Each structure stands twice: as structure tokens, then as C-alpha cells.
Amino acid sequence: MIKIKGLCVDFPDFCLKNINLSINRGDFFVLLGPTGSGKTLLLEAIAGLVPVERGKIYINGIDVTNLPPEDRGVSIVYQDLALFPHLTVLENIKYGLHFHKIDKIQAEKKLNWLLDQLKLRPLIGRFPVNLSGGEMQRVALARALMINPSVLLLDEPLSSLDPIFKEEIRGQLKKLHQETGSTFLMVTHDFTDILFMASRVAVINEGKIEQVGDVEEIFQRPRSRFVANFVEARNILCGYLTGSNNHRYIDTGKIKVEFAENTTENGKKVYFVIRPEDIIVSKIPLQSSARNCYLGKVTEITNRGAIIYLKVDVGNELTAMITKASFEQMSIREGDSVYLTFKASAVHLF
Amino acid sequence: MRRKKDVFLVVTVICGLLVIGFILLPLLKMFTSPSWENLKAAIQDKKVVKSIWLSIYTAGLAAIISFVVGTPFAYFLARREFFGRKVIESIIDLPMVIPHPVVGIAILSVVGRNYWFGQILSKIGIRVMGSVLGIVTVLTFVGIPFYINTAKDGFESISPRLENVSRSLGASMFSTFLRITFPLTWRSMLVGIVMCSARAISEFGAVVVIAYHPMTAPVMIYERFEAYGLAYSQPVAVLLTLVCLILFLFLRVLSLKHQERKLIK
């Protein structure tokens with residue numbers, strides 16, 4: 001569907017370096033990365049809005065690298081939405097119809113469908129200046145989808161919305177993706193967006209793709225320190241491989257951690273990650289099949305509302321995540337001794 | 001603290017009154033000096049009307065030329081980052097800082113018969129010295145920076161993302177300009193046109209070097225002042241000032257609307 005081969009975009013103060021990416025038809029693909037990592041630039045390169053230095057972009061098998069934006073069949077929704085301020089909601093939505101040969105009856109059908117799906121009917125006569133953030137968001141989506149784009153590019157479309165609108169638009173986006181069958185490529189920082197909508201994810205940093213994979217792969221098995229940090233894996237440790245074929249360990253010098261992945265090179269230095277939500281916290285040792293269990297002292301408690309992060313010194317410092325209810329039930333205080341238990345399969349090497 | 005604030009306020013108000021008085025006093029004196037009969041005679045004088053009309057339409061032509069040539073250039077400057085951009089912008093501003101007679105002399109040195117360009121013009125029968133073409137050339141030279149700078153500011157106030165979205169929705173560059181950029185910036189362009197023509201209509205120093213005849217209004221005012229004195233030049237000056245005032249009032253109304261629109265955005 002979208003194939004990017006060796007894409008380089010050179011700007012005086014920033015560049016995209018050798019981007020290779022393959023996005024399947026109908027995917028809800030998410031680009032994840034810190035501010036200034038090149039996510040928006042990559043979207044603009046796909047849309048044909050910035051000049052490409054090297055490499056190729058294919059959409060539906062056609063090389064679009066040198067095609068102007070208007071000939072690519074790609075719609076873009078920016079973070080600031082970029083609604084045309086001098087046009088009404090209806091004029092904004094129908095704007096693309098001036099340039100596409102869409103059958104009038106079909107266009108009318110699509111318009112009505114979008115107006116109903118996005119609850120825009122009462123707003124059609126208004127100007128963008130008189131719309132709320134959520135309403136503007138819905139108009140921008142309707143405008144982009146009106147021309148039946150084969151690819152919809154979404155540049156952090158939910159970041160400026162308050163939580164209630166965010167939830168609503170998230171649901172609408174997912175529904176629109178399922179019903180239109182278009183390929184959605186979205187830039188976001190928000191893990192909830194990814195978990196709720198994404199089928200595949202690419203992590204981008206300093207103009208380079210760090211990792212591509214499905215959602216679970218990115219969150220559970222980050223392949224670099226950067227990705228692990230970015231997806232808030234928190235427990236990123238370093239050690240040396242040791243043990244026999246049946247029981248493989250990583251020796252950090254302070255603790256030995258059993259892991260399940262298939263590697264035999266003893267003595268090799270590796271980094272590994274354990275997600276905080278994969279660690280079970282208890283005040284007494286647990287009887288379970290989990291291979292790793294350590295006793296440690298709670299050094300820090302971070303309250304995040306419904307969830308609590310505990311930093312526990314078990315030799316190395318590990319962060320575990322528990323619910324507020326569990327935290328209160330166990331009445332944990334700083335300095336308390338607790339057991340941390342996790343499975344060998346929760347340990348991911350990179 | 002309050003006392004200090006009061007002193008500051010008094011100083012600002014006094015300075016303001018000084019400036020307003022400085023601007024208004026000579027103008028009021030000039031407006032009230034000529035008798036009604038003298039003014040009427042000036043309005044009925046065909047030479048005066050002709051010179052004012054010449055000033056208006058040559059300034060208008062300069063503004064139209066600035067609009068046609070300056071709009072694409074202002075758009076380019078607003079949208080593109082390139083090496084030497086600051087130098088180009090400084091070159092555009094040059095006509096605003098060069099003394100006006102020097103502008104006339106500079107243009108004369110290019111279109112005069114001692115220079116190859118002037119020789120070519122002469123060979124194909126185009127006369128710049130002492131002609132309407134010469135006046136329009138000079139007025140465009142002094143007026144075009146005002147148009148380009150104002151139009152550029154207008155383009156810069158519009159997010160390029162609006163144009164990007166328009167293009168991603170299927171509009172060509174030209175359609176995008178007509179449907180998005182122009183409707184959002186036409187006020188700035190109009191303000192630029194008015195500023196350019198207001199600047200052009202008042203030009204004297206450069207015009208007098210290139211074309212003493214046909215006589216524009218500022219040249220006629222100077223000639224009458226030199227030949228017959230203050231009283232004879234004042235009615236023409238009043239009429240020209242009235243024309244300029246109307247132009248500037250128009251500009252103020254437009255620019256006010258421009259500000260309001262920015263606030264709404």
C-alpha cells in the first residue's frame with residue numbers, strides 16, 4: 001500500500017535519514033517519537049509537501065515521489081487542523097469536491113454519511129472561529145475523508161483536545177477507519193491512542209526509524225534502549241548471559257534474572273527490559289510458576305491516580321506498577337520490604 | 001508608586017499632544033490660509049486639475065504595476081527560506097532610504113543616452129525623460145517596497161498549512177492561491193496598493209529630475225511657490241493634501257478591519 005524505500009529529506013536544521021517503511025492497505029499505522037524526531041516531516045514527505053532528496057515513495061504500487069500533492073490521493077489533518085477560516089463548515093467539507101470527479105449522487109451520499117457519523121449537521125453554516133476544539137476536529141476529519149483518500153495522514157490530531165473530546169474523537173476515528181477502509185497513518189505521543197486504535201507502530205528518533213512492529217512487539221519487546229525508554233518500559237538493565245540450556249540467566253552483578261528467550265552465548269553483554277506492569281508486588285513470597293522473585297525495600301512511591309509506581313531496591317532498582325486498590329490493601333510505605341515476582345517470559349533482551 | 005505612575009502618564013500625554021500639534025498645526029494653517037475664492041479658482045484651473053489627475057493616475061499605474069509584479073515576489077519571499085534572503089529584503093527596502101533626488105539621478109543614469117539601456121530605448125522610440133512613462137517609472141521605484149512589504153506581511157500571517165491542506169485535497173498551486181491565499185490576504189494587498197500609491201502621489205524629488213513636464217501636482221506646487229510665492233501655491237497644496245487624506249482615511253479603515261480579522265484568528 002505505502003512503501004517507502006531509502007527516503008532522505010534534507011532540511012538545513014533537520015533531515016530524515018534512509019527511511020524504509022511498509023504500510024499495508026487498511027492499516028491503522030502509528031508513528032511514535034519524541035518532539036522534533038521528524039514525524040510530521042515524514043507525513044509531509046508522503047503527502048508531497050516537502051522536497052525529497054533521495055529515495056522513493058510508492059502508494060498503491062505507483063511511484064509518487066515526484067508527483068505534486070494534488071495527484072497523490074493523500075489527505076492530511078494537521079495538529080492545528082488548518083480549517084479554512086473564510087469558509088463555512090459545509091464549504092470546508094466540500095472543498096475537495098471542486099478538484100475531484102466524484103459522482104454527484106455519490107458525493108451527496110458521502111456528505112450525508114459524514115455529517116451524520118461526525119454529528120456535524122447542526123454546524124454546517126458556522127465558520128471555524130465559532131467552533132469548539134472537538135467540533136473543529138470533526139470538521140477537519142470530514143473534510144479529509146470527503147474525497148475518499150486512499151491514505152489519511154493524521155498529525156497528532158487529538159493532542160489539543162481535552163480528555164472528554166479526546167475519548168469521543170478516538171472512538172469516531174476508529175469507527176471511520178473501520179467503515180471507510182482507508183489506510184490511516186497517525187502521529188501521536190499518546191499510548192492510549194496506540195492501544196485503542198493502532199494495528200502497527202513505527203518508532204522514529206532523530207530522523208531514523210528505530211523499530212517497526214505490531215503494538216505488542218513495540219511495548220513488550222523493544223529492540224533498543226531508546227524505544228524501551230520511550231515506551232516507558234522503565235526497567236532497562238544491563239548484564240552478562242550465563243547459565244545452562246534449561247535455565248538461562250542474565251547476571252547484572254547484583255541480581256540474577258532468569259529469561260526465556262533463546263540465546264546461548266554465555267558471557268555476552270546484553271540489555272534487557274521488564275515492563276512495570278509485568279511485575280507482581282506482594283508482602284509475602286508468592287507460590288507461582290514465575291521464575292524470578294526478589295525481596296527488596298521500597299525506595300519511592302509515585303502516585304498517578306488510579307495506578308501507583310513503586311521503586312524497589314532488590315540489588316538493582318526495579319519499578320513495579322500496582323493499582324491504587326492493591327496499594328491501599330497492602331498498605332505499603334516507603335522503607336517497607338516487598339517481594340517482586342515476574343515470569344522469565346517478561347524479560348526481553350535487546 | 002501611584003505618584004510616579006501619574007508623572008509618567010502626564011509625560012506621555014504631553015509628548016502625544018506635542019506630536020499631534022506638530023503634525024496638525026502646519027496643516028491647519030495651510031488649509032485655512034487660502035480664501036474660498038482662491039480655492040475655487042484653483043479647482044477651475046485646468047492646469048491644476050490636469051496636474052492632480054496626472055499625479056493620481058501615474059500613482060495608480062505605479063500601484064497596479066507593483067501589484068502585478070510584486071505579488072508573486074512577495075509570496076515567494078513569504079514562503080521560501082533561502083540563502084541571501086535578508087540581502088534581497090534589504091535591496092527591496094533601498095528605495096525607501098535613498099534620498100529622493102538620488103533616485104531620480106540613478107534612474108536617469110540608466111535610461112539616459114549615455115548608457116546602453118537608454119540607447120536601446122531611444123532606438124525603439126521609447127522616451128522616458130520628460131514623459132508619463134518616466135513619471136510612472138520613478139513612482140513605481142519609490143512605491144513598490146511599500147507594496148511588497150505589506151503584501152509579504154499578509155502572506156506571512158497565513159499559515160502555510162492551509163495551503164498544504166488545500167493541495168492535499170486536490171487543488172493545484174494556482175487554485176490554492178485563488179481559493180485560499182487570496183481571499184485571506186486581499187486586504188493586505190489592498191492596504192499595500194493604497195500605501196504604494198499614497199507614497200507615489202507625494203513624490204517630488206525624484207520626479208523633478210526625470211520629468212519636470214508633464215507636471216505632476218507636487219512639481220506644480222513647487223513651481224508656483226518658486227515663481228509666485230506661498231499664497232499662489234497653497235490652494236494646489238490644499239487640493240493635493242485632500243486627495244492624500246482621502247487615500248489615508250481609506251487605508252486606516254482597511255487596516256482597522258485587517259487588525260480585527262487578525263484578532264478573530
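Chain A is the first sequence line, chain B the second, and so forth, proteins listed ahead of strands; every chain is numbered from 1. Just so you know, these numbers use all the heavy atoms, side chains as well, and skip hydrogens, waters and symmetry mates. As the structure is a computational prediction, the values presented were derived from the model and not from experiment.
With a threshold of 4.5 angstrom between heavy atoms, A:L153 does not approach chain B through any atom at all. Using a 4.5 Å cut-off between heavy atoms, A:A140 makes no contact with chain B at all. Proximity to chain B involves both the backbone and the side chain of A:I76, based on heavy atoms less than 4.5 angstrom apart. For a residue to count as touching a neighbouring chain, one of its non-hydrogen atoms must lie under 4.5 Å from one of that chain's; by this rule A:H86 touches chain B with backbone and side chain alike.
The 12-atom threshold is not exceeded at CD of A:E206, counting heavy atoms of other residues, nucleotides or ligands nearer than 6.0 Å. More than 12 heavy atoms of other residues, nucleotides or ligands sit less than 6.0 Å from atom NZ of A:K174. Within 6.0 Å of the CZ atom in A:R121, the count of heavy atoms belonging to other residues, nucleotides or ligands exceeds 12. Sparse packing is recorded around CZ of B:F117, with 12 or fewer heavy atoms of other residues, nucleotides or ligands lying under 6.0 Å away. Annotation: B:L9, atom CG; neighbour count of heavy atoms from other residues, nucleotides and ligands within 6.0 Å is above 12. Within 6.0 Å of NZ in A:K17 there are more than 12 heavy atoms belonging to other residues, nucleotides or ligands.
In this structure, A:Y95 and B:R179 have side chains that are in contact, with non-hydrogen atoms separated by less than 4.5 Å. Side-chain contact between B:R161 and A:D155 is present, with at least one heavy-atom pair separated by less than 4.5 Å.
For chain B, the option among A:R72, A:E44, A:H98 with the highest count of heavy-atom pairs below 4.5 Å is A:H98.
Interface with chain A: from residues 164-177 of chain B, residues B:N164, B:V165, B:S166, B:R167, B:S168, B:L169, B:G170, B:A171, B:S172, B:M173, B:S175, B:T176 qualify, criterion being any non-hydrogen pair under 4.5 Å.
The two residues A:A82 and B:L162 have their closest heavy-atom pair at O-CD2, 3.4 Å.
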